[in-house]
Structures are given as structure tokens and as C-alpha cells.
Peer 1: 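My questions will all concern the structure given below.
Small disclaimer: the values here were computed from a predicted structure and weren't measured. Order of the sequence lines sets the chain letters (A, B, ...), proteins ahead of strands, with each chain counted from 1. Just so it is clear, the values below take in all heavy atoms, side chains as well, and ignore hydrogens, waters and symmetry mates.
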2 protein chains.
Amino acid sequence: MCFIMRAPSDRQPAPETRDRILDAAEALFVEHGFEATTMRMITSRADANIAAVNYHFGSKDALIQEVFRRRLTELNRRRLAVLDRLEAEAQGAPLKPSRIVEAFFGTALEMAADTEHGGHTFMRLLGRTYTEPNGFVRQFLAEEYAEAVERFLAALYRALPDVPREEILWRFHFMMGAMSYAIAGTDALQLFAGTFDDADPERLLPRLMSFLLGGLRAPLPGQGVPGENGKGAHRTQ
Amino acid sequence: MCFIMRAPSDRQPAPETRDRILDAAEALFVEHGFEATTMRMITSRADANIAAVNYHFGSKDALIQEVFRRRLTELNRRRLAVLDRLEAEAQGAPLKPSRIVEAFFGTALEMAADTEHGGHTFMRLLGRTYTEPNGFVRQFLAEEYAEAVERFLAALYRALPDVPREEILWRFHFMMGAMSYAIAGTDALQLFAGTFDDADPERLLPRLMSFLLGGLRAPLPGQGVPGENGKGAHRTQ
DNA sequence: GTATGATTCAAACAACTGTTTGATTCATGT
DNA sequence: ACATGAATCAAACAGTTGTTTGAATCATAC
């Protein structure tokens with residue numbers, strides 16, 4: 001009943017049980033999802049007592065939040081740092097859209113490429129969680145993302161003054177989807193026969209970036225031309 | 001122990017309890033996910049007895065499979081019908097990539113636009129399920145998709161003979177991600193302040209199609225030009 | 001040493017999970 | 001009228017869930 005205080009003194013080493021639990025939970029959430037991961041699975045993998053989670057975090061829900069908080073804070077901090085630098089370098093001029101997209105999604109892919117410190121594991125979890133029905137997880141994610149999304153959208157609005165903001169919003173949404181699947185889905189849906197054997201993040205970055213920028217720069221709907229797409233261009237049966 | 005036989009005779013009307021359960025389960029799975037949806041929630045919403053699910057389907061897992069099977073079979077049947085028609089019209093010539101993409105993703109969006117017969121509900125569920133950790137659901141989805149994916153990939157390979165197949169595969173993957181989020185995520189992640197208030201599928205189709213085709217046609221990575229993207233173009237901090 | 005408080009532990013808690021039982025109801029064909 | 005078997009039902013099943021308890025252990029400060 002005292003899960004607020006922590007670490008007897010403020011020194012570095014840290015009791016480590018807390019962190020072992022977080023790491024175990026993170027990995028298990030990727031493998032089985034939130035609901036299917038039980039407290040006993042977590043504490044067992046973390047070599048801790050079943051009561052340790054409630055002692056250190058208060059509840060399973062609070063543990064889930066903390067798993068996301070520790071990584072997401074860092075991810076969005078990095079994103080905003082890159083954006084800050086770009087804007088400083090531009091000295092007030094609008095940024096190139098490609099730079100903005102690279103700052104937002106490239107930073108995420110970099111984290112996903114880090115297999116040493118658990119970044120890869122977490123990004124797979126994050127990709128899955130965007131579509132998580134669980135209410136409080138969604139709300140927490142939205143809060144944690146609010147500032148970064150606002151800043152990056154504002155940058156895109158400035159970079160593309162002629163494009164309706166609603167369209168930019170949609171395309172940002174589409175890009176989020178493509179990236180999430182690129183990370184979370186490579187081993188998830190083995191739809192595509194035996195491929196993705198490498199899942200090499202080194203080559204994923206340029207591939208995804210080409211696709212995202214192509215989508216972002218595509219002609220706006222209703223402007224004709226490409227494949228006559230749009231209203232009624234395709235019929236079913 | 002007799003969940004194999006069904007419908008006393010083969011006449012149309014159908015006992016309806018079975019379908020009420022499927023509809024209730026479908027809706028609840030969207031709201032809460034598989035694990036968090038209990039048998040009692042399902043039978044309660046369907047106005048059926050708790051034992052009805054095991055009687056009609058055998059188990060909860062078998063119910064989940066049936067929820068997907070009845071819709072997915074129809075969706076991929078339609079997709080293949082459109083592809084068949086296009087290929088017949090082309091008389092052996094390769095199809096335009098835009099046509100292929102429209103056939104695959106447009107058909108899905110059409111189903112998502114159908115709010116009357118539960119298509120909308122199901123497509124939201126489907127989008128979420130691509131990233132579902134649950135093993136047997138993933139395997140079932142892969143089997144159900146196998147034929148359609150194979151046919152459409154083959155069509156894309158023919159349509160884009162100069163593009164490495166691996167690249168086409170990746171972009172197909174990215175497109176799947178963008179579409180899934182477009183459908184499943186509009187009300188899921190309310191990251192983007194108060195927008196998506198409409199989620200109007202009418203206008204979603206041309207928007208998504210522009211984005212997808214833009215991504216599909218983007219210059220291949222490593223071919224320089226766009227925003228100098230690719231290796232090392234972005235740095236963190 | 002003793003005292004203090006954070007941490008760990010085995011055990012138990014009530015609530016809920018998917019599933020099964022055996023009787024009962026219902027519709028149908030003879 | 002009866003018989004047959006599908007469908008429904010209330011009740012119970014054994015197992016698991018997240019959480020709590022109170023004592024035991026540990027490190028630190030005096």
C-alpha cells in the first residue's frame with residue numbers, strides 16, 4: 001500500500017526488482033497481449049514474488065502504464081529534440097516535409113532498430129497498442145503523444161500551406177498505420193509466404209521512408225489523373 | 001457435444017439464435033477485444049443462455065473463428081471476383097497497378113462503408129486483428145487470406161516487372177497497414193484533436209487510394225532524389 | 001548491538017473464467 | 001396421440017484471475 005515512494009535513497013544502482021518486472025512485462029505483452037498476460041507469468045519471468053507487482057506499482061493497470069511511460073517519454077523527447085534542431089537550423093523558414101516526416105518516423109524506426117536495450121521489443125508492442133480496445137490504455141497513449149503530435153502537425157501545416165489541413169491530418173494518420181505495421185506486423189501476420197525472413201531494420205528505414213513520402217506527396221483526391229482513382233472508378237463484381 | 005450438425009432442415013429462416021450470438025460477439029470483440037469479452041457478455045447481449053455458445057459452436061475459440069470466417073470468405077470472394085473480371089477484360093495484358101490496388105483495398109473499404117449489415121463493425125475488428133498476438137487467430141487469418149494475397153501479388157508482379165518483388169511485397173505490407181489504421185483507428189486513437197468527427201467512408205476511399213498509390217509509385221529507396229532520404233539523411237539529436 | 005522501514009515471501013481471498021451437466025421445452029414427423 | 005431429437009435453461013464445475021494479508025527478511029542509521 002505504499003507504491004508511491006521508491007528507492008531508499010536517490011543513488012543509481014536501484015533495487016532492480018522493479019526494472020526486472022518492467023522488462024518481463026514488456027516482453028510478455030508483446031507475445032500475448034495485455035489481457036492474456038497474467039501477473040504470475042510476469043513475476044515468474046522476472047524472478048519475483050507474485051505480490052511484487054502490486055507492491056511496486058499498485059495494480060496491473062498501473063504497471064501497464066509504467067511500461068509505456070518510461071519508453072514513450074524518451075521517444076517523444078527525442079522526436080521533439082530533432083524537430084527543435086531542424087527548426088533552429090531553418091531560422092524561421094518552413095521545413096521541408098520530408099525532413100519533418102523523417103524526424104518523426106525515423107526516430108521511431110531508430111528506436112525499433114535498437115535490439116540491445118529493449119527498444120525493438122517496445123516498438124512492436126507500441127505498434128500493436130495503437131489499435132488496442134482497452135480504454136484506459138488508449139487515453140494514456142493519447143495524452144503521452146499529445147505534445148509531439150501537435151508540434152509535428154503544426155510543422156507540416158507550415159510546410160504545406162496549400163494543402164488543406166484535413167488532408168494532412170489524414171495522411172499523417174495513414175503514415176502512422178503504415179509504420180506501425182512495418183514494425184509490429186513483420187512477424188505478426190505471416191500472410192506473405194515465408195518472406196520478411198530478415199526484418200532487417202537497417203533496410204526498413206529507407207523503404208518505409210520512400211513509401212511514406214510518396215504517399216504524402218501524392219496528388220490530392222479529386223484532382224483527377226492517377227489511374228482515374230476516386231469516385232466510382234472501381235466497381236464490385 | 002453436438003455442435004457439428006445444425007439447422008434441422010436446410011430451409012432458409014434459420015434458428016437465428018446462432019446469428020444473434022455471432023453479431024453480438026462481433027460487436028463486443030470490437031469494443032473490448034477477444035480476451036476481455038466474456039461468454040456471459042456475449043450471451044447476455046444476444047439474449048441467449050450462457051450454454052448456447054458451446055452448444056452452437058463448441059468453444060469460445062471456435063466462435064471467434066466463425067465470426068471471422070463468415071465475413072472474410074465473402075470479402076475475399078468479392079476481391080477475387082473483381083480481379084477475375086479485370087483480368088478477363090485485359091485479355092492477357094498486364095493490369096495497371098492502380099486497378100489492382102483499387103480492387104484489393106477498394107473492396108475492403110466498400111465493405112467498411114456498409115453500416116447496415118455489420119460490414120463496418122467487422123472491418124474495424126479485422127483491422128485490429130492483424131496485429132493480434134493470439135496465435136490461433138493469426139494462423140487462421142493467414143489461411144483465410146492465402147489465396148487472395150497470392151493472386152493479387154502475382155498480378156502486381158506482372159504489372160511492375162521492373163520492380164524487385166521484395167519491394168512490391170514490402171509496399172503491399174505498408175498499404176495493408178495504412179488501410180487497417182484508416183478503418184480501425186479512426187475512433188481508436190484520438191491522437192488528433194477532435195478531428196475525424198465524420199469518419200465518412202465515402203470520402204475515405206479516394207483519400208486512402210491517393211495515398212496508397214502515391215506510396216506504391218514512390219521512387220525506390222537508394223535511387224536518390226526525394227529529400228535525400230535513405231541512409232543517414234536524418235540524425236537524432 | 002537495536003530500531004526503522006523498505007522489501008520479499010507463502011498463503012489465502014473473493015470474484016470471475018470457459019465449460020459441462022441433466023432436466024426441460026419446443027417443433028416436427030409419423 | 002406419441003416419439004424423436006434439436007434447442008434452451010438453471011445450476012454447478014474446476015481452474016484461474018488480480019489483489020491482499022501478515023509474518024519474515026534485508027539493509028541501513030543510530
Peer 1: Report all interatomic pairs (protein N or O, nucleotide N or O of nucleotides 16-19 of chain C) with separations under 3.5 Å.
Peer 2:
| residue | atom | partner | partner atom | Å |
| --- | --- | --- | --- | --- |
| C:dG18 | OP1 | B:Lys60 | NZ | 2.8 |
| C:dG18 | OP2 | B:Met39 | N | 3.0 |
| C:dG18 | N7 | B:Arg40 | NH1 | 3.0 |
| C:dG18 | O6 | B:Arg40 | NH2 | 2.9 |
| C:dT19 | OP2 | B:Asn54 | OD1 | 3.4 |
| C:dT19 | OP2 | B:Lys60 | N | 2.9 |

Peer 1: Check A:Glu16 with A:Arg20, please: is the shortest side-chain N to carboxylate O separation under 4.0 Å?
Peer 2: yes
Peer 1: Using side chain to side chain contact (heavy atoms under 4.5 Å, CB included), reason through B:Phe57 and B:Gln65 one step at a time and then give a plain yes or no.
Peer 2: CA-CA 10 Å; B:Phe57 301 95; B:Gln65 277 196 234; over 6 Å; no
Peer 1: Angle between the two end axes of the helix from C:dG1-D:dC30 to C:dT30-D:dA1, five base pairs per end, rounded to 10 degrees?
Peer 2: 0°
Peer 1: Can you tell me if B:Arg79 and B:Tyr145 form a side-chain donor-acceptor pair at under 3.5 Å?
Peer 2: yes
Peer 1: Mind telling me whether B:Phe174 and A:Phe211 have parallel, tilted or perpendicular rings, with 30° and 60° as the class edges?
Peer 2: tilted
Peer 1: Which pairs, with at least one residue in residues 21-35 of chain A and sequence neighbours excluded, count as a salt bridge (charged side-chain N to carboxylate O under 4.0 Å, His left out)?
Peer 2: A:Asp23-A:Arg70, A:Glu26-A:Arg70, A:Glu26-A:Arg71, A:Glu31-A:Arg45
Peer 1: So does A:Glu144 get a backbone contact from the side chain of A:Asn76, meaning a donor-acceptor N/O pair under 3.5 Å?
Peer 2: yes
Peer 1: Atom CZ of B:Phe57 to atom P of C:dT20: distance rounded to whole Å?
Peer 2: 15 Å
Peer 1: Let me know the distance between CZ of A:Arg20 and C1' of C:dT8, rounded to the nearest Å.
Peer 2: 11 Å
Peer 1: Calculate the interatomic distance between B:Tyr55 atom OH and C:dA23 atom P; express it in whole Å.
Peer 2: 17 Å
Peer 1: Would you say the side-chain atoms of A:Arg171 pair up with the backbone N or O of A:Gly215, donor to acceptor, closer than 3.5 Å?
Peer 2: yes
Peer 1: What pair of heavy atoms forms the shortest contact from B:Ala36 to B:Met41, and how long is it?
Peer 2: O-SD, 3.6 Å
Peer 1: Grab the CG-P distance between A:Asn49 and D:dT19 for me, whole Å please.
Peer 2: 15 Å
Peer 1: Quickly work out the A:Ile42 CD1 to D:dT19 C1' distance and round it to whole Å.
Peer 2: 13 Å
Peer 1: Using whole Å, what does the distance between atom C1' of nucleotide D:dA7 and atom CD1 of B:Ile21 come to?
Peer 2: 11 Å
Peer 1: Indicate whether OP1 or OP2 belonging to C:dA6 is found under 4.0 Å from a side-chain N or O atom of A:His56.
Peer 2: no
